[in-house]
Every structure is written in C-alpha cells, then in structure tokens.
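The block underneath contains the structure these notes are about, expressed in structure tokens.
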2 protein chains.
Amino acid sequence: MAKSIKEIAQELNVSKSTVSLVINHKAERARISKELESRVLAYVEKVGYKPNALAKSLATGRSNTIGLIVENIGDSFFGPFALYVEELFRKKGYHVLYSSTLGDSQNARDIIDSMLEKKVEGIILAPTVDLEAYQRKILEHRVPLVVFDRNSPAVETHYVHIDNDVSAKKACDHLKSIGCQDFGLVTIDSDQPQMLARKGAYLDFCDTYGIEPRILQLPYQELKKKGTHMLKNWAAKQAGLDGLFFTTNYLCILGLKALRPADENHYSFPMLSFDDHELFDILNPKISCIQQPLEPLAKTCVKVLLKEIEQGISAPKEYIISTKLIRR
Amino acid sequence: MAKSIKEIAQELNVSKSTVSLVINHKAERARISKELESRVLAYVEKVGYKPNALAKSLATGRSNTIGLIVENIGDSFFGPFALYVEELFRKKGYHVLYSSTLGDSQNARDIIDSMLEKKVEGIILAPTVDLEAYQRKILEHRVPLVVFDRNSPAVETHYVHIDNDVSAKKACDHLKSIGCQDFGLVTIDSDQPQMLARKGAYLDFCDTYGIEPRILQLPYQELKKKGTHMLKNWAAKQAGLDGLFFTTNYLCILGLKALRPADENHYSFPMLSFDDHELFDILNPKISCIQQPLEPLAKTCVKVLLKEIEQGISAPKEYIISTKLIRR
DNA sequence: GTGAAAGCGCTAACAG
DNA sequence: CTGTTAGCGCTTTCAC
C-alpha cells in the first residue's frame, strides 16, 4: 500500500539517492538541479509519499523519540506535566513515548527495557524505588537520562526536583501561623525519597516546637481499598488533633472525603496539601497547598535532556525548582 | 555499546540465524538441539542482549505499537482513559504511543502522519473537527482505526461512544425533577458532534416543556482567557435562571469558579455536569453529573482494535456505552 | 540441525 | 550533478 523510496525513484526515472537527498533537503549540498528537485518534490507531494520512519531510524541511528516514564499518566500531577513535555518536544521535532509505572518497579524495568530496545534518544524518568540498577543500565547504553520528582540518591544522574525540605517546612510554618498547635502528617508507606524528605521536615518541625508527632502512613498499593477506613480510624483516636498536612494531593483528597463531616459545611480543622489541585480553591473551606510549578519543572527537564542529546552526556547536575505556598 | 545479534553469534561460534531462531522461540520448529538452545539462551541472558526493536520491526513489518490520539492527556477524562488503554495493551504485548491534539486539527494531522510513518499497528482516535480526510487516509494505509468520544459522521469507521442524546435528556429531566424551571446550557463553540448532540437534546427538552432556551457557547481556544468573564456577564443578564447544565466537566469547573458567591456557602442554583470529576462529591453543594464509564469505554476501544489487528479490518460498527446519572 | 544469503526501506559515502 | 554500493540489525527461506 505505502510506496517505498525505490518505487518513487523508478516512477521518476532517477535513483533512490536522488530522491532521498531531495526529501532530506540535501539537494543543494549534492548540487542537484533546481528543476529536478522540484520535480521530485512535486511528485512526492502528489502521491503523498512518506518515508518509513523505522527504516530511516535504523539507517541513521536516530529515532527522534524520547521516553517519558511517570507514575500514573491519569494523575493530576503527571498528566499535565506530560502534556508540557510533549508540547516542548514536539516543537523540537521529537515524539514522546510515555508509560506509567503505577509505582511498580517491575513495570518500570520492563518499560525501560522496551524503550531502550526502541532506541529512544533520551529518557525522562520519575523512578520507583529499587530502580538504581536500571538507571545505571540506561546510562551504560549511553542514553541521556533526566530523573525528576524523586531520586535514587545512589545514582548519579541529572536530577530535577523541588526542595522538599524547605517546602514541607513552609507548610508546617503556615499551619502553625494559622493557629494549629497539634497537627498531624498523612503520608504513604513507601520509601520514596521525596516523601521521606517531607516527613523528615515535619519531624524536625515537631522537634523544634516540642510537638508530639502524629504520623499516619497509608499503604500506597491498597490506597483505594483501605485508605479511607484507616484514616478515619486513626483520626478518631487522635485527641486534640487540630490540623493535617498531607504529603500529596491524592492523599488530601482521600482525607477530604474520609473526614467529611456528615452535615456541616466545614471540616473541623485546617488541611494542607502538598501539590495543588484544580478544585482546591473552591472547596469550603479552601485548601491551602504547596504548589509545584509544573511548567518550570517540565521546561527544565526538557531543556536538560535536549542538551544531553545534542551535546553529549555531561556530568550529573541537580536542578532545584522552588515551590510556592498558596494560602487560601 | 549495545551488542548486535551478529556479535552474539560470533562469540558463540554459531550463525546469526541460530541465535535469532532461539531467541524467538522457534528453536523447536528449526530442530535446533536442546543443548545448543540452552547454551544460546544462557549467553544471551548473561550479556543482557536485547534485540534492536527498530530492526526487528523493519524485518517483520510489526511494530508492536499502537497509537492513541486524545485531545489532552492532562485532562481528567483523557488521562485516566489513557491509563486504562495503556494497561490493557501492555498485557497484550503492545506499547502505546500517545499524543494530544489540543483540539487543533493541524496537530492531529501531523500526529497521524508521524504515527503512520512509525508504522503503528492500529490507532485509537478522539478526532478533532475536519479530520475526515485523515481518517480515510489511515484506513487507506490499512491501519485499523477506532474512533471514540466524538465522530465525524461522514467517515465509516468503528466508533465507540456514549449515548449523548439520551444522556443529556437524563440530565435535563433530573434538573427539572429537582425543581429547575428555567435552566440554561453552557457549552463550547465547536462543532464537535458530541457537543452538538448534547445541545440538541437540551433544545428538544426546552421545546417539549415550553422553556425558553438559554445557551452560552464559550470559545474553546480561549477558554482560560475569556471564559470566566463571559460566563459571569452572561449569567448576570439571565433573569430568573434557576439551574445550569454544563456539557463537560471543565466547563462546570469554570462555572463553579466564575459563579462562586463571594461570601456564602452555596451557589444560588443547581449545576449539573457532563462527565464526573473526583471532587464533585465533596463540593458544597455536591455536583450531580452524567458519568461516562471510563473503564468500559477503554475496554471496548481496546477490544475492538485488537480484533481488527488480529483478524483484519472488518465492516465498521458502532458501540454505544451507556452513562449513569449520578444524583448528589 | 545449521548457516549462507537475500531482503525489509532508508542513508551516505564515493565513483563517475 | 547523478547513480552505484554498502550497510543499519534482524528475520526467514532454503540449500547443505
């Protein structure tokens, strides 16, 4: 069905290379006559010939594709992030092959393998835990890698992230400033470094102000099944609790649903979320949050990766994007 | 860096084809000795050899990739939908190449071209308007196509969608049943068939009950810039308006933000949204909606496309998924 | 049982 | 200026 360059050449009575050169805008350099060039171009246009990208990539060694590995493409953080990334790469002539790990390391490894097999020219990765070996593998294949959102401390790669300590500290300070004396932290049970950092900042804060820490760790893998129940039970036992800091927006949403008062218009205490959400500002009460600036985050990842692709792999560097406390 | 099959063969003192046959589990059929087979397998495992997917696809004509084209991967409808699709295809050994059109037909055409060049084995598409010619082009390339969410009526392709008329009618009935006598419709200005169908159902409803229709069409391309302002102005002029039906959830969210009362806890009238949203049930008041069941939608698209891929292109068929009115 | 050889569609020297 | 040629890495047929 689809024509090949060979057929085009035959039908035009020229050689394959002539057609190839014209198509790839190298006619000038090969000093092909303007007239022949436009004849070829016209014919190619007419029959709608499109080169087979697979063959082209195989021959050139360039796939024009980059891989983006996130935790969950359907999530309100990664989805919009992915859109920015896609847009930015599109402008540069690259395509994006996405995949979601769902927090499962085996998934992540499979995804990385197949991306490597597909010869992506670079990878942007939000790693799961235990992915150090595979991050090294990517690097060994000489494929540029940018890690974002969370990092495996042991692996030396470019790393784009926000300042989790400072941000979580800001969150705690804010809760204190609005009168919370005894607020708790709700996080997940995984060892993701960014979650550990947020928890660490909370613990430090408690230490500084002599607050007794109250921490609930929810099981990431069974959040839907058990989260609500666990949170309710836990909260019921926390006498004197006067605020809650959620380390991510989906936890905060879970919290809002679980702790919703039956017939009142307001929750009994302030809640603050890490990561914004499009509806946080119209809830009642409004939900303050630590906002990760998606666009700068995406732009930085793309910029760093493009540089690696174009100029070769360079020494790993860390890029810190600062967050904003949104008071509502 | 990455080894080729040729190197593996040399290092093993066998021929390329032997290695290839073993890797592809065709050792038996080629009557290769068990002993040799396990020797090859062991070596391949040891050095971590992975075949170049590009070369493989070129040789076999199978890319094991399918294309998914949505409007906006960052959106709360398409994002989770994409996740389901990805998961379902992953199980079948396919990868998904996504892209967002952002409602722009030129983007859509570029995306389709490049997917065709990459030799995807099938495409799931949420079309923009004016995409008929390109849908035909896909079919002419003998690439299986499943259209969902919206359809270009003229093109005969497999089409998975919800029943927009019936659903919108349900929505209107519900508003009436809770006492709205004079509710309006807020939609976008594009000619997407599903939007037209929803509007049509509203007009029919008004006709039946002798209600004077009040419709606001917001400019899709400039929603962020002008939407809030336009909606506010429009609503202010609608004397006696006692309810609002939004044809999509992002419009409803815009409405909730635009019409938020300054210092009251409730909106002045009920709002109902087409498409659910994770926070609609904790808003005050809660937002009722027409819920499109994402998982069945995704499952159907995948099932239909897989059948086309495996059994060849068949006569176009329409698959209708029914929606649910969620009263809140 | 195994390996040589042709070919998938394209690019990129290098002759002419 | 144009065409021939030799791959890119893999699959697959067909002699040996």
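Bear in mind the structure is a predicted one, so any value in this text is a computation, not a measurement. The chains referred to below are lettered A, B, ... by the order of the sequence lines, with proteins before strands, and numbering in each begins at 1.
Qualifying salt bridge (charged side-chain N to carboxylate O under 4.0 Å, His left out) partners for B:Lys317, counting only residues two or more places apart in sequence or in other chains: none. Residues passing the side-chain hydrogen bond (donor to acceptor under 3.5 Å, both in side chains) test with B:Ser105, sequence neighbours excluded: B:Thr128.
When the C1' atom of C:dT2 is taken as reference, atom CG of B:Leu36 falls 9 Å away, rounded to whole Å. Nucleotide C:dT2 holds its C1' atom 13 Å from the CG atom of B:Asn13, rounded to whole Å. Here the C1' atom of nucleotide D:dT11 and the CD1 atom of B:Ile8 are 16 Å apart, to the nearest Å. A straight line from CD1 of B:Ile32 to C1' of D:dC14 spans 15 Å, rounded to a whole angstrom. The interatomic distance linking B:Arg39 (CZ) with C:dG1 (C1') rounds to 13 Å, in whole Å. Here the C1' atom of nucleotide C:dG1 and the CG atom of B:Leu12 are 16 Å apart, to the nearest Å.
Counting non-hydrogen atoms of neighbouring residues, nucleotides and ligands closer than 6.0 angstrom, the NZ atom of A:Lys299 reaches no more than 12 such neighbours.
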Using a cut-off of 4.0 Å between protein heavy atoms and nucleotide atoms, how would you tag nucleotides 9-16 of chain C 5' to 3' with B, S and -? BBBB----

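Looking only at distances, no side-chain donor or acceptor of B:Thr300 sits under 3.5 Å from a matching main-chain atom of B:Ala298.
Ring centroids of A:Tyr319 and A:Phe148 are separated by 6.0 Å or more, keeping the two rings apart.
A salt bridge does not link A:Asp110 with B:Arg90: none of the charged nitrogens is closer than 4.0 Å to a carboxylate oxygen.
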